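A short write-up of the structure that comes next.
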Amino acid sequence: IAGITQAPTSQILAAGRRMTLRCTQDMRHNAMYWYRQDLGLGLRLIHYSNTAGTTGKGEVPDGYSVSRANTDDFPLTLASAVPSQTSVYFCASSIDRNSPLHFGNGTRLTVT
Amino acid sequence: EDQVTQSPEALRLQEGESSSLNCSYTVSGLRGLFWYRQDPGKGPEFLFTLYSAGEEKEKERLKATLTKKESFLHITAPKPEDSATYLCAVQVIDDMRFGAGTRLTVKP
């Protein structure tokens, strides 16, 4: 089934540890995104990529980094996790920046 | 600053009781308004895109409308399976801003 695969589905992480959230899409979409979803705040954009080889900062990029080596993969790295990064993280993709987003089922991350 | 506000935060309906969800926005350069449905433990699922004031889109029991400052998601004769969180988002230059969502519960 075509779509977006995120891994892991959940993770408990000690503060200060490094963590990479994985995201793979098989729809050959050009644009990919990382959002975090927190209760009462809605979805907030962390980083995006318009096409392979390019990335950009969203609304809340601090403490996160991304790379886009190819069309299908868009990993999100937390270099040194802090408790405020406890959230549900969603990866999404779209044909282009003005098209509807297709979302994965999220990674629930708890930083202790 | 671009803002998207959804109301109410939560809505409880009896099966068959029609109602509307509101999404108001203050953005510069609106390129489109999107509605998504999100079930617990899942990612949002796309429902509609609206581009200009006066536009309407329908899908089963849902109808989305757009004015210059807000959008409505009308739910006609809802069923329990319509229970979900409904998110609206506005596309501006290089960003899609989401509202916090309306959590809809439809009781049988």
Side-chain angles (χ1 to χ4, degrees), chain A residues 1-10 21 23-25 27 29-51 54-61 74 87-109, chain B residues 1-10 21-27 29-52 55 57 59 62 64 66 71 73 84-104:
Chain A
I1 298 176
I4 292 183
T5 302
Q6 290 186 239
T9 54
S10 66
L21 280 57
C23 174
T24 300
Q25 56 112 351
M27 296 173 284
H29 284 171
N30 290 314
M32 296 189 75
Y33 316 81
W34 276 103
Y35 285 88
R36 60 179 289 173
Q37 187 173 40
D38 302 289
L39 197 62
L41 294 178
L43 287 156
R44 292 180 293 167
L45 183 65
I46 304 170
H47 285 287
Y48 66 91
S49 169
N50 288 334
T51 189
T54 69
T55 62
K57 293 181 179 180
E59 184 183 358
V60 288
F74 191 44
S87 187
V88 181
Y89 290 86
F90 287 98
C91 180
S93 71
S94 63
I95 295 171
D96 56 48
R97 288 303 302 276
N98 295 314
S99 296
L101 304 183
H102 296 256
F103 285 87
N105 282 328
T107 293
R108 183 176 294 277
L109 180 67
Chain B
E1 183 181 327
D2 299 331
Q3 280 197 323
V4 182
T5 304
Q6 290 190 246
S7 62
E9 289 185 12
L21 283 55
N22 177 263
C23 172
S24 63
Y25 59 91
T26 53
V27 299
L30 178 71
R31 294 189 166 192
L33 185 140
F34 299 78
W35 282 97
Y36 294 84
R37 169 191 171 125
Q38 186 174 22
D39 293 300
K42 298 291 182 72
E45 179 182 341
F46 169 70
L47 293 173
F48 305 108
T49 308
L50 302 165
Y51 291 105
S52 56
E55 189 175 358
K57 294 275 180 72
K59 181 179 180 179
L62 301 177
L66 182 65
S71 176
L73 185 65
T85 296
Y86 291 86
L87 307 172
C88 82
V90 294
Q91 178 72 49
V92 294
I93 298 173
D94 276 345
D95 197 3
M96 184 175 287
R97 289 293 178 108
F98 282 82
T102 293
R103 186 173 67 255
L104 174 67

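Just so you know, these numbers come straight off a predicted model, no measurement behind them. Every chain is numbered from 1, with letters handed out A, B, ... down the list of sequences.
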Under 4.5 Å heavy-atom distance to chain B, tell me which part of [X] shows up: side chain, backbone, both or neither.
| X | result |
| --- | --- |
| A:Gln6 | neither |
| A:Thr9 | neither |
| A:Leu101 | both |
| A:Tyr35 | side chain |

NZ on B:Lys59 to CZ on B:Arg37, rounded to 0.5 Å: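 Those atoms lie 9.0 Å apart.
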Between A:Gly56, A:Pro100, A:Gly106, A:Gly40, who has the most heavy-atom pairs with chain B when the cutoff is under 4.5 Å? A:Pro100
Please say whether the positively charged group of A:Arg108, taken as NZ for Lys or CZ for Arg, lies over the ring of A:Tyr89, i.e. under 6.0 angstrom from the six-membered ring centre and within 45 degrees of the axis.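 No, A:Arg108 does not sit over the ring of A:Tyr89.
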Sequence neighbours excluded - salt bridge (charged side-chain N to carboxylate O under 4.0 Å, His left out) pairs with any residue from residues 31-41 of chain A: A:Arg36-A:Asp38, A:Asp38-A:Arg44
Quiz: residues 41-50 of chain B side-chain donor-acceptor pairs under 3.5 angstrom, not counting sequence neighbours:
none

According to the interplanar angle, ranging from 0 to 90°, do the rings of B:Phe98 and B:Tyr36 count as parallel (below 30°), tilted (30 to 60°) or perpendicular (above 60°)? tilted
Which region of B:Gln6, side chain (C-beta onward) or backbone (N, CA, C, O), has a non-hydrogen atom less than 4.5 Å from a non-hydrogen atom of chain A, or is it both or neither?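 Neither; nothing under 4.5 Å.
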